[in-house]
Structure formats: C-alpha cells, structure tokens
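Accompanying notes for the structure given below.
All chains are named by letter (A, B, ...) in the order of the sequence lines, taking the proteins before the strands, and each is independently numbered beginning at 1. These values consider heavy atoms only, across backbone and side chains, with no hydrogens, waters or symmetry-generated copies.
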There are 2 protein chains.
Amino acid sequence: MATIKEVAKRTGMSPTTVSRVINNHPYVDDKKRKIVLEAMDELGYVPNSSARRLRGQKTNTIAVIISRIVNPFFSHLVDAMEMIAGERGYQLILCDSRLDKERELRHLELLKAKQVDGVILASLQNDWETIKPFTKYGPIVMCNEYDRRAEVPMVRCNQLEGGYIGTRHLIDKGHTKIAYAGGADRIELTRDRWHGFQKAMEESGLTIPQEWTFPSFYGIEDGKNIFHRIYAMQDGPTAIFAGGDEVAAGIIKEAKRFHCRVPDDLAVVGYDDQPLASLIDPGITTIHQPMQLMGTRAMEIMVDMIKNQRNVTFREDILPLELVIRQST
Amino acid sequence: MATIKEVAKRTGMSPTTVSRVINNHPYVDDKKRKIVLEAMDELGYVPNSSARRLRGQKTNTIAVIISRIVNPFFSHLVDAMEMIAGERGYQLILCDSRLDKERELRHLELLKAKQVDGVILASLQNDWETIKPFTKYGPIVMCNEYDRRAEVPMVRCNQLEGGYIGTRHLIDKGHTKIAYAGGADRIELTRDRWHGFQKAMEESGLTIPQEWTFPSFYGIEDGKNIFHRIYAMQDGPTAIFAGGDEVAAGIIKEAKRFHCRVPDDLAVVGYDDQPLASLIDPGITTIHQPMQLMGTRAMEIMVDMIKNQRNVTFREDILPLELVIRQST
DNA sequence: CTGAAAGCGCTTACAG
DNA sequence: CTGAAAGCGCTTACAG
C-alpha cells in the first residue's frame, strides 16, 4: 500500500508537508495542500495506523472487560460504550473474562503492552490487590463493579440499596420465608447486595436459612436448577430474590412447568430489568439498572482521562436503582 | 516503561539477543537467556505492541462488524468469535454498524489503515460493489450474510430453505392467510428468505397481499407495531412469519395484551431460536440458526487466512437450519 | 510556509 | 551463538 513517502515523491514535496496535510496543520500553502490531497486520493493513501501508534504513543483503542457478552446486561452496557467510543474516535476491544481470573489478568496485560490506552472493568474476578499494579500502566475505570480500596473512577449503583428494596418489597407482600440467589462472593458488588438483603430481613426479624442461599448462579439453566432445589424442600421458601433476570426467568419457566404458581406459590424478584423481564409471563418484578447510562458515563470518563492525560482522580458516580413491579410478586 | 534497550543495557547484551529471548528463538545461550528473562521480570518489561505491529506488518487484531450487539443473535455470534480469537492469539474489535451504511464503511476503513488484519462481516448494509474494493487490503469473511457476487469465504445458512420450512409449517397447520415480516431488502439473505416464503405459498396456490408484508423490522417494539397493524385489519392474516425471535416476541406480547390468542387467533413463527424463544409463553416456533457454529467457523477461517497469507479462496460453508416447533403455532 | 533529520521500539537479514 | 545496522511509516522539534 502507498506510504507517505510515495505521496511525497509523486507531489515533489517532503513527507513533512504531506504529514501536515494529513493532520490538518495550518501553515500549508493552499495550492500545495490541494495537490497533496489529490495525490493521496489517487493513490488511495491511508496513514498506517501502526506507525502512528508507535510515533504518537497512543492507540486510540480502549478495552472493555466483561464476563459474558450473551448476558443482556453486558450487551447493553457494551452497546452504549461502543456508541460513545465511536463518536470520540476510539476503537473498542471486547474482552470476555468468562468468569475466569486468569483470562481477566491476561486482558489487563493489554495495558502493559500499550495495546490499548485504557481499560474499562465491567466485570471483576480478581481481588483489588491483584488489579492494582496495572493502574500504573494506564487509566482503569470501573463500571458496575467496584471496590472500596480502588482509587479509580467508578460508575456504579448502590447495590446495598438494590438488595434492600427488592427484599423489602417481598416482605411488604407478606413473605417471611425468602430465599436468596444473588451471590455472596468476595466481590463487593455481590457482598453489598447481600447485605441489603440481610438488612431488610433483620429489620423484620426474619431468619435466613443457609440452604436458602444460592451463590454464584448466573444463567437461565442456573435458575432452573435453583427451582428444583427449592421445589424439593419440605417447607421451603415462598419467595426468592434472584441475582439477575436470566436466573429469575429460569426459575419462573421451570416453576410453570411443574405447576408451581408464580407468584402465589413462589414469588420471584429479578435484577437488571432486561427486555426479557417484561416479555415473559408473569412479568418479572425486578430492580432496574440504568445499563445505558452506566456504559455511556464510564466511556465518557475513560475518554476524558485519556485525552487530558491528567492523573486519574478517584471519583464515584452512583446511579439510581429502581424497583419495577410486575406480576411475579 | 522499560524498553528492549534498557533490558539490553542492564544485562550487558545487545537488543538483538534480548529480542531473540522474547521471541523464543533457538541459538541463545541458556545462561544468557536466563539472565535476560530475569532482567525482563525485574523491569516489568513487556514488548511494545505498536512497535511490533509496525515492524511485523501485522496487528493480531480482527474486526467484526455486526448491526446490533443487543440482538441475542449477534451476541451469541460474537461470543463464539471472541472465544476462538482468544485461543488463537487475536484481539477482537467490536464494530456496530447500527444498520447504517456509512458506519459500516467507516469500519471497513480499519482494513485500509492496517489497523486490523481482517474483517468479519456479520452484517451487510452496502452493496457488494461498494464492499469489493476493500478486499484488496486484507481478508474479509462473511458470516451469516452473503452475496453471490462476493468471492470471499462465506459461512452461512440456506435462507431460502429457512423461509420455506417455516412457511410450509404454517400451511401444514392449515393456514392460508399468512403475513410476512422477514424483510425484503436489497440484501441477499433477506431476499432468499422471502423467496422461500413465496415458494411455499405458491406451491399451495396462496396469495400474498401487499399489506401483509412488513420489511425492515427488527426489535421487540417493531413486533408490537406489526401486531397493531394486523389487529386493525378487516379479515387479516391468521398467521405470521417473523424475521426474528425478538419481532415474534413483540407480536406475541402485544397479542396477549389485546386478548388475541396465540396460536388460535394468530400463529407466529420466529427466527433464530434465541433463548427467549423457549422462555416466553407460548414458546415460539422458530427456525434454529447455529449461531455458535457460525461464529466459530467464520473466525477459524479468518485466522487461517491471515496465518497462511495464501490468497483468499472463495468457499461457501452452508450450515443446517432447523424448524423448532413450540406452542406459538 | 517548508524540509532534513531524528526517533518511536521493535525484528531480521547479514556478517562474524 | 551474538551484535551492528537498517528499516517498518509515521510526526515533531529545529532551522530556515
């Protein structure tokens, strides 16, 4: 393919001048500018991205780490991010950790190799201590996930509140035997949500049997399994707070199959407010997360950080969470 | 950050030797190799990706163009692609055309700028004539989409058959008044599907009123709109072949809201077999597309093409399509 | 307004 | 087995 040298030779000008034209510098004679532009056009010249990267020490590329793109929560997040990145002149590299610590770390290496200008962490498998060393190689922004020890910008929701309002709603509906499938991992997000659940339960003097908590469940199939475990119980829960709408949908689907009535026999609260939640029957009562807003905000902060080069300042954007009541409760 | 020079200086060796160690070349003294590896470790050295790209004239990056990541069909496709790309040492750039011709073209420019080694086209907004010039800048693989004039590898399904078996099924169920919402664009995929529909209809001597065809509809909201247009008709269709499960879900959702029984008053056939199809009630009878297989196959072909450098040979992989019968028909 | 020169950080013939 | 040199294709001081 044509290089800047060839354009220079063809026009009888120096590579410097051609470069100035490419980059829209002022102080280039208008006639020469036109001649160069024509030559570029004729040769089908496009500046080589690798050379620009090396020379300019930036890549105009941002990596976003998620755990599973087929989860609508993430695909909506990524959709918003891709939109903003495009508008601001950045490319987006999709990194799926698939809930694997090693993969997550390997993706963070992109920062070290200067393969991206920044990383948005929308999924978190490793401890903050493990992530921290990467911050010196470039900006990291957390989106959805968070960790109190992290001194990077975080765009997230108040998960404690989310856990609380969902549970509160079930209690208000008269339930006292409530199961929880939100996860209770090392991760702060799930821990907070769990604390919100606990808080609501304790306020009402309700107990939480160990067998009614289901950590680390994510997909539709997981939801089906949970239903079966509950269904097999003597004197089991009458309601369940699920960690995501997919899990909730799986529970509901299977409940119907076994003629267990939702919400009469088992009430279900989901999380996210994915399109799915209003499509299935009964509609899922759920905690609405502002996915688009989170994605947009996180990407905007990332781009600003890259462009301003100014040192990463810690900040927290806490976005509102909302209970959406449908027919599953 | 540390460069190869600094590693060389620290070890007293030449950059050449360090480079050999990095790239696992044979013919490096074992002791020296160890010393270099230690120094790299101490300095936290990681080879600069931009320099490698420029020097090696490759990027180890592949772009995938889709039209909407929040469509589960595409997120499943991308999921499979990301997996294979990762295994083979490639990064994936997510390019959303958002059904916009200009955006699609801008994404194809990545190939010209040598910003990616290849492009997988899983969405097609432009005519082949417009795409064709890009093929001389690097490998292009079509996935899902296709065009008879294109001389690039294509991994796809027989959409004519898909249109046919879905329609045939409705006819077998006794329907004679069948609407079509599969799109009927310039794009070969939708045109073939439409021809399959026509073929089945003609075989049974059925006519297709103009007002019963709905081109260019994609999402859940579109499905709802279609339902309303049908619902408002005097003597309207008793069945509809929708272009995707999201459209089908929208139709069904709204039908239920207006007490129009599915399938008794209106039978619905979807397309894709997204998870959604089996979750909603009634379950969507649909045409199963092997999304994972398509994504995997397309990415494998792409990587092979890049690695072998051998000239793109035209080939077509036609994957099976299958009718999945549920309760919506 | 314009150009010669240096350099971004690698890798690969080439010579030894 | 090892190193000096060239070069991938740009852009940016610097000098004019």
Side-chain angles (χ1 to χ4, degrees), chain A residues 1-37 39-40 43-61 109-117 137-138 309, chain B residues 1-37 39-40 43-61 109-117 137-138 309:
Chain A
M1 306 299 102
T3 70
I4 203 171
K5 257 190 195 165
E6 297 175 54
V7 178
K9 186 174 294 175
R10 191 185 180 97
T11 57
M13 281 168 243
S14 72
T16 309
T17 300
V18 177
S19 174
R20 288 204 180 91
V21 172
I22 294 167
N23 295 288
N24 262 309
H25 275 265
Y27 304 131
V28 178
D29 183 271
D30 264 354
K31 272 168 229 137
K32 296 201 175 176
R33 184 186 296 277
K34 212 152 92 184
I35 294 172
V36 170
L37 286 171
M40 279 170 42
L43 291 169
Y45 170 78
V46 176
N48 180 297
S49 140
S50 304
R52 286 184 135 180
R53 285 180 181 232
L54 178 58
R55 177 58 231 238
Q57 302 284 53
K58 53 189 170 50
T59 65
N60 292 314
T61 305
E109 293 279 336
L110 292 173
L111 213 47
K112 272 197 192 174
K114 298 255 165 264
Q115 199 157 158
V116 298
D117 293 335
Y137 297 103
Q309 303 279 28
Chain B
M1 305 297 101
T3 69
I4 204 171
K5 257 190 193 164
E6 298 175 54
V7 178
K9 186 174 293 173
R10 190 185 180 96
T11 58
M13 281 167 243
S14 72
T16 310
T17 299
V18 177
S19 173
R20 288 203 181 94
V21 172
I22 294 168
N23 295 288
N24 263 309
H25 275 265
Y27 304 131
V28 178
D29 184 272
D30 265 352
K31 273 169 228 138
K32 297 201 176 178
R33 184 186 297 275
K34 214 152 92 184
I35 294 173
V36 170
L37 286 171
M40 280 170 42
L43 291 169
Y45 171 78
V46 176
N48 180 296
S49 138
S50 304
R52 288 185 134 179
R53 285 180 181 231
L54 177 57
R55 177 57 231 239
Q57 302 285 53
K58 54 190 169 50
T59 65
N60 293 315
T61 305
E109 293 279 336
L110 292 173
L111 213 47
K112 272 198 193 175
K114 299 256 165 261
Q115 199 159 156
V116 298
D117 294 334
Y137 297 102
Q309 303 280 29

Separation of [N] [atom2] from [X] [atom1] (nearest whole Å):
X	N	atom1	atom2	result
A/R33	C/dT2	CZ	P	9 Å
A/E6	D/dC10	CD	C1'	14 Å
A/I4	C/dA4	CD1	C1'	14 Å
A/K58	D/dT12	NZ	C1'	13 Å
A/N48	D/dT11	CG	P	10 Å
A/R53	D/dT12	CZ	P	17 Å
B/Y27	C/dG16	OH	P	20 Å
B/M40	C/dC10	CE	P	10 Å

Of the nucleotides [options], which has the atom closest to the [X] side chain?
X	options	answer
B/Y45	C/dC10, C/dG9, C/dG3	C/dC10
A/I22	D/dG3, D/dT11, C/dT2	D/dT11
A/N23	D/dT11, D/dC10, C/dG9	D/dT11
B/H25	C/dT11, C/dT12, D/dC10	C/dT12
B/R55	D/dT2, C/dA4, D/dA6	D/dA6

Heavy atoms only: give me the nearest B/A8-B/P15 pair and the separation to one decimal.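 Looking at all heavy atoms of both residues, the shortest contact is CB-N, 3.7 Å.
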Closest contact, heavy atoms only, A/G138 versus A/L111: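 Result for this residue pair: O-CD2, 3.8 Å.
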Side chains of B/R53 and B/T61: is there a donor and an acceptor less than 3.5 Å apart?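 Their side chains do contain a donor-acceptor pair, which is all the 3.5 Å distance test asks for.
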Using only heavy-atom distances, determine whether the side chains of A/R55 and A/N48 contain a donor-acceptor pair under 3.5 Å.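 Side chains of A/R55 and A/N48: no pair found under 3.5 Å.
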On DNA chain D, compare the nucleotides closest to A/T3 and B/R20; which residue's is nearer the 5' end?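 Of the two residues, B/R20 wins.
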With nearest nucleotides of DNA chain D determined for B/Q57 and B/T17 from heavy-atom distances, which residue corresponds to the more 5′ nucleotide?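 On the 5' side of the pair lies B/T17.
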How far does NZ of B/K5 sit from OH of B/Y45, to the nearest 0.5 angstrom?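 So the gap between those two atoms works out to 12.5 Å.
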Point-to-point distance, once rounded to the nearest 0.5 Å, from CG of B/D30 to CD1 of B/I35: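 Taking CG in B/D30 and CD1 in B/I35, the distance rounds to 11.0 Å.
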Are any of A/R52's side-chain N or O atoms less than 4.0 Å away from OP1 or OP2 of D/dT11?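 Affirmative; the distance criterion is met.
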Look at the side-chain N and O atoms of B/K32 and state whether any lies under 4.0 Å from the OP1 or OP2 oxygen of D/dT2.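 Yes, such a contact exists.
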I'd like to know if the side chain of A/N23 and the backbone of A/H25 have a donor-acceptor N/O pair within less than 3.5 Å.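 Here the side-chain-to-backbone pair does not exist.
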Between B/D117 (side chain only) and B/K58 (backbone N and O only), is there a donor and an acceptor less than 3.5 Å apart?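 Checking the backbone N and O of B/K58 against the side chain of B/D117, no donor-acceptor pair under 3.5 Å is found.
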Distance check, C1' atoms only: C/dG16 and C/dT12, in whole angstrom units.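 Looking at atom C1' only, C/dG16 and C/dT12 are 16 Å apart.
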Could one point to a donor on the side chain of A/T16 or the base of C/dA4 with an acceptor on the other under 3.5 Å away?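 Result: at least one qualifying N/O pair found.
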Return the stems involving DNA chain C, sorted by first number, where pairs are Watson-Crick (N1-N3 with N6-O4 or O6-N4) or G-U wobble (N1-O2 and O6-N3), both under 3.5 Å, and runs are 3 or more long.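 Consecutive-pair runs (3 or more) involving DNA chain C: C:1-3 with D:14-16, C:5-12 with D:5-12, C:14-16 with D:1-3.
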